[in-house]
Protein chains: 2
Amino acid sequence: MKSSKKTISESLPRYQEIQNHLKSQILSGAWAPGTKVPSEHELAAQFDCARMTVSKAIGSLVEKGLVVRRRRAGTVVAAPRSQETVLEIHDIQAEVQASGRLYRFDIQTRKVGKATREEADKLGAEIGTPVLIISCVHWADTVPYALEERIINLEAVPEAGDEMFLEVPPGSWLLAKIPWNEAEHRIFAVSADIATARILKIRRNAACLCIERRTRRDVYNVTYVRLIYPGDQHVLVARFQTHGTAGR
Amino acid sequence: MKSSKKTISESLPRYQEIQNHLKSQILSGAWAPGTKVPSEHELAAQFDCARMTVSKAIGSLVEKGLVVRRRRAGTVVAAPRSQETVLEIHDIQAEVQASGRLYRFDIQTRKVGKATREEADKLGAEIGTPVLIISCVHWADTVPYALEERIINLEAVPEAGDEMFLEVPPGSWLLAKIPWNEAEHRIFAVSADIATARILKIRRNAACLCIERRTRRDVYNVTYVRLIYPGDQHVLVARFQTHGTAGR
DNA sequence: GCTGACAATATGTCTAGGCATATTGCGCCG
DNA sequence: CGGCGCAATATGCCTAGACATATTGTCAGC
């Protein structure tokens with residue numbers, strides 16, 4: 001049997017064949033959540049391969065959250081996750097340039113200081129933490145694209161204190177500089193207040209999309225940013241697949 | 001050496017130990033993107049285990065998008081993905097009830113017909129496709145929570161045509177009934193028009209968060225829904241982790 | 001100096017076992 | 001009849017090899 005491997009068809013590793021088989025059963029709904037998946041031994045016999053190969057196939061499904069494995073209890077089809085969506089939020093500069101427009105940004109204010117109560121709260125740090133507070137406007141051609149208000153934790157990124165952000169906007173600078181591993185977004189609609197409306201050149205009370213993001217690196221909160229996109233122009237697009245593409 | 005396994009410490013499988021080691025190097029920035037990871041053989045020697053074990057550890061990192069493997073070229077640290085965020089959009093009923101309020105919903109209009117140009121467009125189907133069009137209001141206690149406008153493709157879900165949605169709101173009904181595998185969201189801010197304002201009991205032009213979602217099942221677009229959440233009350237929360245938690 | 005052939009290398013996949021461990025179900029005993 | 005303990009089971013983790021395949025570097029020949 002060792003040499004009969006190649007005869008099956010072409011390419012497509014064995015473990016993926018098994019994986020696809022299982023996946024299709026689950027995706028098609030034939031195996032409802034809670035259904036017991038055949039044991040590794042059974043599958044190994046069925047697909048005529050070593051148990052390890054089956055195990056690898058299932059292990060991957062576990063990582064994708066499709067099934068749950070418990071010793072002795074066996075493998076069961078997982079309950080579908082509460083709707084999780086993959087949202088891509090790109091770098092603003094890239095976003096603007098991708099749409100073929102000229103990107104530019106203005107630093108409006110830049111201040112080094114110690115975090116007030118409110119700022120500490122937003123950032124998720126202690127009051128008095130040294131911070132850099134920046135407000136800046138992003139432009140697409142001659143149209144204001146977004147208003148950014150940012151708090152940078154200088155304990156986490158001391159070198160930001162010396163950076164004037166003349167060339168690179170703070171967001172891109174940080175992204176390139178600081179590896180981070182966790183971010184939390186809050187997305188909601190706000191009405192533009194007078195100051196915002198003036199800066200973004202929109203009507204007062206116009207609906208704006210507001211994205212607040214707090215970025216963590218290990219235990220530190222690195223930065224808090226609040227992006228206000230004018231009007232109903234800006235659209236966040238999110239795609240979602242329950243279980244990834246069949247082919248992977 | 002086979003029996004010395006247990007002496008290391010306690011629990012924590014070998015492959016995960018290796019994985020964590022690699023992960024921490026990458027997350028800490030010690031290994032910048034593009035850095036070559038030691039070969040499987042080296043790691044196997046270093047951690048004193050079989051190459052397969054190392055392979056499993058790395059394989060998992062590949063699935064997480066942390067590294068890229070190429071034959072002969074070896075394994076290299078991957079470039080960080082463009083910011084991808086996991087957004088959880090829950091079932092409205094569950095969402096309201098989770099906040100401890102009483103959930104209720106009203107069907108405002110319900111109409112079976114053939115898709116007009118505009119409706120077909122929204123749904124992503126052909127003009128003339130049989131559809132069920134529903135508009136409904138979701139309540140939290142006595143406050144309007146969201147306005148839902150939905151188009152259901154009756155070709156994909158014929159049984160929806162007979163459903164009156166007296167007990168279960170269309171969203172939950174569909175979610176339970178139809179397994180789906182792809183969804184696309186568009187999230188933006190809108191100003192409430194007069195009709196919307198009246199229904200949601202808010203000021204005209206008040207900022208609202210609008211979520212449009214198109215749900216696919218295989219080749220069919222199952223449903224299109226547009227949810228309008230009043231004011232700046234509703235907040236979408238998205239969390240994100242670049243590389244998963246260290247422990248898992 | 002360029003190119004093609006070949007060897008070295010690193011991963012990709014797989015095998016056929018092994019022991020470890022959590023869980024479950026069942027049978028025995030009080 | 002109820003609770004406890006044990007054996008069977010299924011996964012979890014691992015090994016030490018094997019062959020396959022892609023890629024790269026090198027070297028010889030033109």
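Proteins get letters first, then strands, A, B, ... in listed order; numbering begins at 1 in each.
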Could you walk me through whether B:F165 and B:W173 pass the ring-ring contact (aromatic ring centres under 6.0 Å, His included) check?
CA-CA 8 Å; B:F165 303 110; B:W173 186 86; 5.4 Å; yes
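- A donor-acceptor pair shorter than 3.5 Å cannot be found between the side chains of B:E95 and B:Y103.
- The distance from atom CZ of B:R70 to atom P of D:dG25 is 10 Å, rounded to the nearest whole Å.
- The interatomic distance linking B:F47 (CZ) with D:dC13 (P) rounds to 17 Å, in whole Å.
- Residue B:R51 is classed as a base contact, given a heavy-atom separation below 4.0 Å to a base.
- With rounding to whole Å, A:R14 atom CZ is found 8 Å from C:dC14 atom P.
- Note on A:K56: every side-chain N or O is 4.0 Å or more away from OP1 and OP2 of C:dC14.
- In this entry the distance linking OH of B:Y15 with P of C:dA20 reads 19 Å, nearest Å.
- Residue A:T75 has a polar side-chain atom (N or O) positioned under 4.0 Å from OP1 or OP2 of D:dT11.
- The closest side-chain donor-acceptor pair between B:S60 and B:Q19 falls under 3.5 angstrom.
- Taking atom CE of residue A:M52 and atom P of nucleotide D:dC19, one finds them 19 Å apart after rounding to whole Å.
- Between B:R69 and the phosphate of C:dA10, there is no side-chain N or O to OP1/OP2 separation shorter than 4.0 Å.
- Distances from the side chain of B:R71 to the nucleotides D:dA22, D:dG12, D:dA10 place D:dA22 closest.
- No side-chain donor-acceptor contact under 3.5 Å links A:E212 and A:H185.
- Between C:dA16, D:dA10, D:dT24, one nucleotide has an atom nearer to the side chain of A:S39 than all others, and that is D:dA10.
- Comparing D:dT23, C:dA16, D:dT15 against the side chain of A:A50 picks out C:dA16 as the nearest.
- A salt bridge between B:E40 and B:R69 is present, with a side-chain N of the basic residue lying under 4.0 Å from a carboxylate O of the acidic one.
- For the pair B:T53 and D:dT15, the criterion of a side-chain N or O lying under 4.0 Å from OP1 or OP2 is met.
- Note: CD (B:E40) to P (D:dG17) measures 16 Å, nearest angstrom.
- Following rounding to the nearest Å, B:E17 (CD) and D:dG12 (P) show an atom-to-atom distance of 19 Å.
- Along DNA chain D, the nucleotide nearest to A:R72 and the one nearest to A:S55 differ in position, and the one closer to the 5' end is contacted by A:R72.
- Remark: C1' of D:dT9 and CG of A:L43 are 15 Å apart, rounded to the nearest angstrom.
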